[in-house]
Every structure is written in C-alpha cells, then in structure tokens.
Amino acid sequence: MQCVVLAAGEGKRMRPLTARRPKVMLPIANRPMMEHLVLAARDAGITDFIFVVGYFEREIRNHFRDGSTLGVNITYVTQRHQLGTADALRATAGMVNGQFLLLNGDMVLKRNDIEELCRMSAPCMGIHETDHPQDYGVVTVEDSRITGLEEKSEHPKSNLINAGAYLFNPDIFNLLAGIKISGRGEFELTDALESYIREGTLNAYPLDYWLDVGQPWDLLDANEALLSSLHHERCGTVEDGCTLPDTISIGKGTVIRAGTYIEGPCVIGENCVIGPHAYIRGSTAIGDDCHIGHATEIKNSIIMSSTRIPHFNYVGDSIVGSGCNFGAGTKVANLRHDNGAVKVCGRTTGRRKFGAIIGDNVLFGINCSVNVGSLVGSNAKIAPHSLVEGCIEEGSVIR
C-alpha cells in the first residue's frame with residue numbers, strides 16, 4: 001500500500017520557527033516531526049511514500065532523499081501554490097495505484113493505529129477525542145459511520161475531531177475534480193468528503209494515540225511524550241565527574257565535560273559540547289553542533305542545531321531556533337507571578353510555565369532578560385542588558 005504525506009504548507013502559526021523550514025521539519029526529540037510519522041508508517045508495513053511538498057521543499061528533499069536510509073521508497077510531487085488539502089492530493093493523481101493511506105505530515109501517530117486504519121474499509125477517516133474540539137474540524141458518528149463534519153465552531157456538536165488520517169480508494173480523485181474553491185481561498189478535502197457522508201459510506205476509525213502540533217508550544221508536549229519512549233544510545237565522550245541517567249541519548253562526537261548533571265529523559269545531538277558544570281533538566285532536546293556551557297541550566301526545552309548558550313544562562317520551557325547565541329548571563333523566564341496561563345502575542349498557551357519562542361540566528365548580548373511569553377523573530381539582534389518582552393519582529397535591533 002502507498003502512503004501520501006501532505007507536507008507542502010508553511011505552518012504560519014509556527015512563525016518564526018518556520019521562517020527557513022516547513023512546519024513538518026521542526027524537530028521533536030531531535031528528528032523532524034514528519035520523520036516520526038514516516039517511521040511509524042514504515043513499522044506498520046508501508047514502504048512506498050509520496051510526499052507532497054512546496055514551501056521550502058529543499059529542506060524535506062535534502063533530509064529524506066529517496067528514503068533508503070529509512071528503509072523506504074519516497075517519491076516527490078510539488079504543490080506549486082498552497083491552495084488547500086484537496087489541491088495537494090490532486091497533485092498525486094496518476095501516481096497512486098490502488099487503495100492508499102493519506103496522512104497530514106504535522107502529527108504523530110503510533111504504528112498500531114496505522115496498521116488498524118489500513119485494515120478498515122475505504123473510505124475511512126481517523127478520528128480522535130479531544131477536550132477542545134472547537135480548535136479542529138468536528139465530526140459526528142453513528143454506528144462507526146461519519147454522519148456530519150463541520151470546520152472550527154464555537155459550539156461543536158461533539159468532542160470527536162477529524163485527525164487528518166484517511167484510507168482512500170482511487171475514486172477520491174473523481175470527487176476532487178468537482179469541488180470548488182472555498183471561502184478561505186482553498187480547495188478543501190473536507191468538501192469532497194461530504195459526498196461520502198451523504199451516501200453513508202465514510203467509515204470512522206478512532207485513533208488510540210494522536211499528537212497534533214498546531215502551535216509552537218505544542219512542540220514541548222510532543223517532545224516530552226516522544227522522549228519518554230525513545231531508545232537511548234550513547235555515542236559521545238563523557239568525562240569523569242558527570243551525573244547522567246540511563247534515559248539520555250548522546251550523539252557521535254559530543255563531549256560531556258566534567259561536573260555536568262543531566263536528568264532524563266534527554267537527547268543531545270552530534271558534535272556538541274556540554275559543560276563543564278552544566279545542568280540539563282528533563283524533557284530537553286539539544287540539536288547537533290550546540291554548546292551548552294559553564295553554569296548554564298536548560299529545562300524542558302528544544303534547542304535547535306548550532307546554537308550556543310555558553311555561560312551563566314537559564315532557559316526554561318522554551319523553543320530556541322538554530323544558529324542563536326546567548327551572551328553571558330542572558331536568561332529566559334518561564335513563570336508568571338500570578339501563576340496564570342502564559343500568553344504569546346495574545347494567544348494563550350494553556351501552560352502555567354512557558355518561556356519564549358526564539359527564531360533562527362538571534363543574537364543576545366550579555367545579561368539580557370527575556371520575559372515569559374516572548375516571541376523573538378529570526379535574525380534579531382539584542383543589545384546587552386536589554387529587557388525582551390512581547391513580540392519582536394524578524395530582523396529587529398534592540399539597542
């Protein structure tokens with residue numbers, strides 16, 4: 001069976017993290033989120049994939065190539081203009097033969113659910129129960145058949161949502177040919193599904209496990225979940241005097257210097273320098289070529305590749321892009337004094353503890369203070385002793 005993965009979109013809600021990469025390439029537990037999905041599908045027995053790419057497609061192509069390193073075969077098709085999910089699937093017409101799986105590339109599924117979905121009768125939609133259905137497309141179900149489908153509603157009719165996983169026959173392409181552009185200016189796959197719903201033929205499969213990564217702070221939840229089930233390997237060098245649990249992975253060429261204390265679970269990439277006397281707390285992922293230095297503490301965060309946080313720093317509950325540099329003494333706060341949920345640019349994270357979202361190539365001078373809920377655009381430059389808070393646009397200079 002073939003699997004089509006939709007991976008053409010930018011993920012605008014993920015800005016500034018998607019300024020130089022598509023959403024599906026954002027790292028979770030040091031792998032692009034889409035790689036976790038592909039591995040789960042591979043382990044479920046699927047070896048032939050079609051990736052629909054578009055925004056910064058070279059990042060996907062350069063990472064996955066032909067799929068051979070993962071033991072699969074990958075074919076690519078480009079969606080030139082991001083005109084919706086139906087338009088993306090239409091781009092694969094003529095490439096799909098027989099029954100196939102369709103997956104949104106920005107979610108995490110487990111092998112068992114993919115196996116069970118593939119055993120269902122097509123057409124079939126994967127659904128999931130959530131406590132905030134107003135944020136998703138909501139479905140109603142009777143006798144394991146989808147009876148209704150509505151996009152985001154303030155008053156949803158159920159707590160079951162469209163999870164973005166489908167089993168289709170090739171006849172879906174006939175339905176795609178007849179749909180019209182929506183009020184959002186896109187060709188919506190859900191419009192094609194209405195025909196199946198009217199006929200009473202769209203089956204429902206309830207997924208046991210589903211992680212959606214719709215907002216930047218969702219990366220932290222997904223990172224924590226995947227780190228807890230990660231197979232850990234140590235390939236680097238650990239100097240004497242370090243404290244490390246079994247639940248830590250260390251990449252090739254990485255050096256953990258004396259006096260460093262690391263709690264698990266945690267993953268550290270290749271060619272990093274950690275310490276001396278660094279403190280890495282649980283649920284942290286550090287990418288390749290990073291430096292986490294003396295008297296620096298990192299907690300429950302994602303640090304992307306080639307970032308340096310080298311002297312007397314604190315970063316808590318944050319996502320930090322690639323190529324950043326933190327001056328000595330620069331710290332990121334992660335807790336409001338009133339213990340309320342942290343907001344980022346007016347959007348609530350739903351989290352009592354959340355630090356900052358920092359884009360790529362951000363440079364901080366010494367002794368900067370980054371307030372809770374800050375968003376710093378890529379290529380920003382922050383002068384020494386600055387207070388950073390609110391939404392800082394890409395390329396800003398704070399003097």
4.5 Å side-chain heavy-atom contact, M25 and E35: no

Can I358 be reached from V344 by stepping across I, L, V, M, F, W or Y side chains whose heavy atoms are under 4.5 Å apart? no

Got a second to check how far C235's SG is from I250's CD1, nearest 0.5 Å? 8.5 Å

Given the rule in the side chain to side chain donor-acceptor pair (under 3.5 Å) test, do S322 and D360 qualify, once you have shown the distances and angles that lead to the verdict? CA-CA 5 Å; S322 62; D360 299 324; 3.1 Å; yes

Side-chain donor-acceptor contact under 3.5 Å, E57 with T78: yes

Verdict with supporting geometry, V388 and N371, side-chain contact (heavy atoms from CB on, under 4.5 Å): CA-CA 6 Å; V388 178; N371 205 359; over 6 Å; no

To the nearest 0.5 angstrom, please state how far the CZ atom of R281 sits from the CG atom of N300. 9.0 Å

Assess whether salt bridge (charged side-chain N to carboxylate O under 4.0 Å, His left out) is satisfied between R20 and E59, documenting all intermediate values. CA-CA 9 Å; R20 300 194 311 170; E59 300 295 324; over 6 Å; no

Trace of the side-chain contact (heavy atoms from CB on, under 4.5 Å) decision for L219 with L17: CA-CA 11 Å; L219 290 166; L17 303 175; 3.9 Å; yes

I256 side chain reached by T237 side chain, heavy atoms, under 4.5 Å: no

Calculate, to the nearest 0.5 Å, the distance between atoms CG and CG belonging to D212 and D106 respectively. 6.5 Å

Is the closest side-chain donor-acceptor distance between N313 and E297 under 3.5 Å? no

How about L102 and L89: do any of their side-chain heavy atoms sit closer than 4.5 Å? yes

K110 to Y209, cation-pi by 6.0 Å centre distance and 45° axis angle: yes

Think R90 forms a cation-pi with F173, using NZ or CZ under 6.0 Å from the six-ring centre and within 45 degrees of its axis? no

Applying side chain to side chain donor-acceptor pair (under 3.5 Å), run through R257 and T260 and close with a yes or a no. CA-CA 6 Å; R257 289 183 170 167; T260 292; over 6 Å; no

Derivation of the salt bridge (charged side-chain N to carboxylate O under 4.0 Å, His left out) call for R145 and D143: CA-CA 6 Å; R145 296 287 175 92; D143 299 326; over 6 Å; no

Run the ring pair (Phe, Tyr, Trp, His ring centres under 6.0 Å) test on H294 and H311 for me, step by step, so that the C-alpha distance in whole Å, both residues' side-chain angles and the decisive distance to 0.1 Å come before the verdict. CA-CA 5 Å; H294 175 64; H311 314 286; 8.1 Å; no

Heavy-atom check, side chain of L109 versus side chain of L37, under 4.5 Å: yes

Do D48 and Q2 meet the criterion of a side-chain donor-acceptor pair at a distance under 3.5 Å? no

Taking the six-membered ring for Trp, are F326 and F364 parallel (under 30°), tilted (30 to 60°) or perpendicular (over 60°)? tilted

Exercise: do N361 and S378 side chains pair donor with acceptor under 3.5 Å: no

Value rounded to 0.5 Å, distance of CD1 in I248 from CG in L244: 4.5 Å

Quick check for you: to the nearest 0.5 Å, what is the distance between E116 atom CD and L207 atom CG? 11.0 Å

Would you call Y205 and R119 a side-chain contact if the rule is heavy atoms closer than 4.5 Å? no

Between F49 and F51, how do the two ring planes meet: parallel, tilted or perpendicular, split at 30° and 60°? perpendicular

Polar side chain donor-acceptor pair, T18 to R13, under 3.5 angstrom: no

Test side chain to side chain donor-acceptor pair (under 3.5 Å) on S249 and H232 and set out the steps. CA-CA 5 Å; S249 294; H232 298 280; 3.1 Å; yes

Any I127 side-chain heavy atom under 4.5 Å of M125 side chain: yes

same_hphob_cluster(I303, I274) at 4.5 Å side-chain heavy-atom cutoff: yes

Is it true that C345 and C391 have SG atoms closer together than 2.5 Å? yes

Determine whether more than 12 heavy atoms belonging to other residues, nucleotides or ligands lie under 6.0 Å from atom CD of E199. yes

One pair to check against side chain to side chain donor-acceptor pair (under 3.5 Å): T140 and T147. What are the steps and the verdict? CA-CA 5 Å; T140 53; T147 58; 2.9 Å; yes

Considering residues, nucleotides and ligands other than D240, do more than 12 of their heavy atoms fall under 6.0 Å from its CG? no

Take V320 and M304 through the side-chain contact (heavy atoms from CB on, under 4.5 Å) test and state the conclusion after the steps. CA-CA 6 Å; V320 180; M304 299 187 198; over 6 Å; no

Does the side chain of V139 come within less than 4.5 Å of I161's, by heavy atoms? no

Taken to the nearest 0.5 Å, the spacing of R351 CZ from D218 CG works out to 9.0 Å

Are Y76 and F64 close enough that some pair of their side-chain heavy atoms sits under 4.5 Å apart? yes

Answer yes or no: are there more than 12 heavy-atom neighbours, outside D246 itself, under 6.0 Å from its atom CG? no

K353 and D317: salt bridge (charged side-chain N to carboxylate O under 4.0 Å, His left out), yes or no, with the steps? CA-CA 7 Å; K353 289 189 176 182; D317 302 274; 6.0 Å; no

Is there a donor in the side chain of Y279 and an acceptor in the side chain of E263, or the other way round, less than 3.5 Å apart? yes

Worked verdict on L160 versus V138 for side-chain contact (heavy atoms from CB on, under 4.5 Å): CA-CA 6 Å; L160 297 173; V138 172; 5.8 Å; no

Please say yes or no: joined through hydrophobic side-chain contacts below 4.5 Å, possibly via intermediate residues, are Y261 and I268 part of one cluster? no

